[in-house]
Amino acid sequence: MPDEALLWDLTDSPYCAKARMCLQLKGVPFRRMTLTLRGLRTLRGLNPAAKVPVLVHGTQTVADSTAIAHYLETLVPEPALRLHDPAARAYGDLLEDWADESLGFVVGGLKWLNPENRERAIARTMSELAPGPLQGVMGRLVASRIARRYHGQGFRGADGVTSLQDRLRAGLASLDGLLEGRAFLVGRAPTLADVAVFAQVSWLRNYAEARLLGDAPAVQRWCERLDGVPAIAAALSA
């Protein structure tokens with residue numbers, strides 16, 4: 001196994017946080033390559049979609065947080081992030097997909113559509129991607145582009161924010177039920193399901209909708225438990 005991996009990422013991305021958590025939990029040494037506008041051309045050479053995270057490890061280039069997690073699972077089988085039991089593994093995979101697709105869509109929409117979040121979202125995203133004088137201009141262009149994407153799916157104005165918040169409440173209530181009486185979502189230690197869901201929920205804590213976690217006490221306890229896992233704490237502070 002090559003000694004060090006290179007991870008192209010951004011701090012304010014739950015998918016990059018997911019990749020960092022997997023790397024830390026697997027004990028794979030890595031160095032971060034934070035994406036900037038100047039680095040976009042190089043990134044496109046690694047991933048034509050020009051999206052992070054992308055992992056470069058020896059001769060291997062792996063794009064997408066789930067693909068990175070599966071690659072690491074093959075590279076370093078223990079500790080297992082996907083359980084060996086077929087039913088438990090399938091359940092974990094469903095939770096991961098829900099986190100990446102459904103929960104991620106809602107949380108990402110609230111980040112950019114809720115006026116309470118907008119300036120913070122621009123600052124957190126652009127501080128790395130476009131530092132300096134271009135930060136404000138590029139931030140508003142990115143915010144407008146993302147907002148149009150959500151508008152095209154019917155999420156507009158205050159009603160759109162309310163709809164997303166209602167979906168988030170429902171999702172957190174379901175998650176709270178799954179976690180009641182459990183230390184982790186699947187099994188007795190953090191798995192890829194925990195990592196994927198926690199990446200979204202942890203990211204949510206940076207924005208106004210963090211207040212909705214007050215209605216999900218089991219989720220809050222689970223977050224505190226994962227915050228206390230050294231590898232996860234290291235990934236979030238990297």
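The basis for the numbers below is simple: all heavy atoms, side chains too, and nothing from hydrogens, waters or symmetry mates. Keep in mind it's a predicted model, so treat the numbers as computed, not measured.
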List the atom of [X], the atom of [Y], and the distance in Å for their closest heavy-atom pair.
X	Y	answer
L172	V219	O-CG2, 4.0 Å
R225	A183	NH1-O, 2.8 Å
G104	Y150	O-OH, 4.5 Å
C22	L81	SG-CD1, 3.9 Å
Y91	L178	OH-CD2, 3.3 Å
V186	A88	CG1-O, 3.9 Å

State, yes or no, whether a side-chain contact exists between [X] and [Y] at a heavy-atom distance under 4.5 Å.
X	Y	answer
V62	V54	no
P53	W8	no
Q220	C223	no
M33	L7	no
L10	Y15	no
V201	L175	yes
F30	Q24	yes
L55	T61	no

Please enumerate all residues that pass salt bridge (Lys or Arg N to Asp or Glu O under 4.0 Å) together with [X], with sequence neighbours excluded.
X	value
D215	none
R205	D227
R41	none

Residues forming a side-chain contact (heavy atoms from CB on, under 4.5 Å) with L94, sequence neighbours excluded: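 Not a single residue meets the side-chain contact (heavy atoms from CB on, under 4.5 Å) criterion with L94.
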Who passes side-chain contact (heavy atoms from CB on, under 4.5 Å) against P14, sequence neighbours left out?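 Per chain and number, P14 pairs via side-chain contact (heavy atoms from CB on, under 4.5 Å) with A199, Q200, W203.
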Which value, rounded to the nearest 0.5 Å, describes the distance between [X] atom [atom1] and [Y] atom [atom2]?
X	Y	atom1	atom2	value
L75	Q60	CG	CD	9.0 Å
H57	L6	NE2	CG	10.5 Å
T162	L110	OG1	CG	9.5 Å
D159	L164	CG	CG	11.0 Å

Between [X] and [Y], is there a donor-acceptor pair closer than 3.5 Å when you use the side chain of the first and the backbone of the second?
X	Y	result
R120	N206	yes
S102	W98	no
R89	H84	no
T74	H70	yes

What ring pair (Phe, Tyr, Trp, His ring centres under 6.0 Å) pairs are there with at least one residue in residues 151-172, not counting sequence neighbours?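 Qualifying pairs: F105-F155.
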Applying side-chain contact (heavy atoms from CB on, under 4.5 Å), run through R20 and D9 and close with a yes or a no. CA-CA 9 Å; R20 293 197 303 272; D9 82 336; 2.6 Å; yes
Does the side-chain contact (heavy atoms from CB on, under 4.5 Å) test come out yes or no for L40 and L37, once each step is laid out? CA-CA 5 Å; L40 276 173; L37 289 177; 3.9 Å; yes
Chi angles and distances behind the side-chain contact (heavy atoms from CB on, under 4.5 Å) call for Y71, V28: CA-CA 12 Å; Y71 168 74; V28 175; over 6 Å; no
Name all pairs fulfilling the side-chain hydrogen bond (donor to acceptor under 3.5 Å, both in side chains) condition that reach into residues 165-181, sequence neighbours left out, sorted by first residue then second.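 Of all non-adjacent pairs touching residues 165-181, those that pass side-chain hydrogen bond (donor to acceptor under 3.5 Å, both in side chains) are Q165-E209, D166-R169.
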Enumerate the residue pairs fulfilling side-chain hydrogen bond (donor to acceptor under 3.5 Å, both in side chains) with a member in residues 181-197, sequence neighbours excluded, ordered by first and then second residue. T191-D194, D194-W222
Applying side-chain contact (heavy atoms from CB on, under 4.5 Å) to L204 and L212, what does each step give before you reach the verdict? CA-CA 10 Å; L204 175 71; L212 300 182; 5.9 Å; no
Tell me the salt bridge (Lys or Arg N to Asp or Glu O under 4.0 Å) pairs involving [range], sequence neighbours left out?
range	result
residues 97-108	K18-D100
residues 134-148	E119-R140
residues 58-86	K26-E73, R82-D93

Can I get a per-line list of side-chain donor-acceptor pairs under 3.5 Å for residues 121-130, giving both atom names and the distance, sequence neighbours left out?
residue, atom, partner, partner atom, Å
R124, NE, D12, OD1, 3.0
R124, NE, Y207, OH, 3.4
R124, NH2, D12, OD1, 3.1
T125, OG1, K111, NZ, 3.0
T125, OG1, A121, O, 2.9
S127, OG, A123, O, 3.3
S127, OG, R124, O, 3.3
E128, OE1, T11, N, 2.8
E128, OE1, T11, OG1, 3.4
E128, OE2, T11, OG1, 2.6

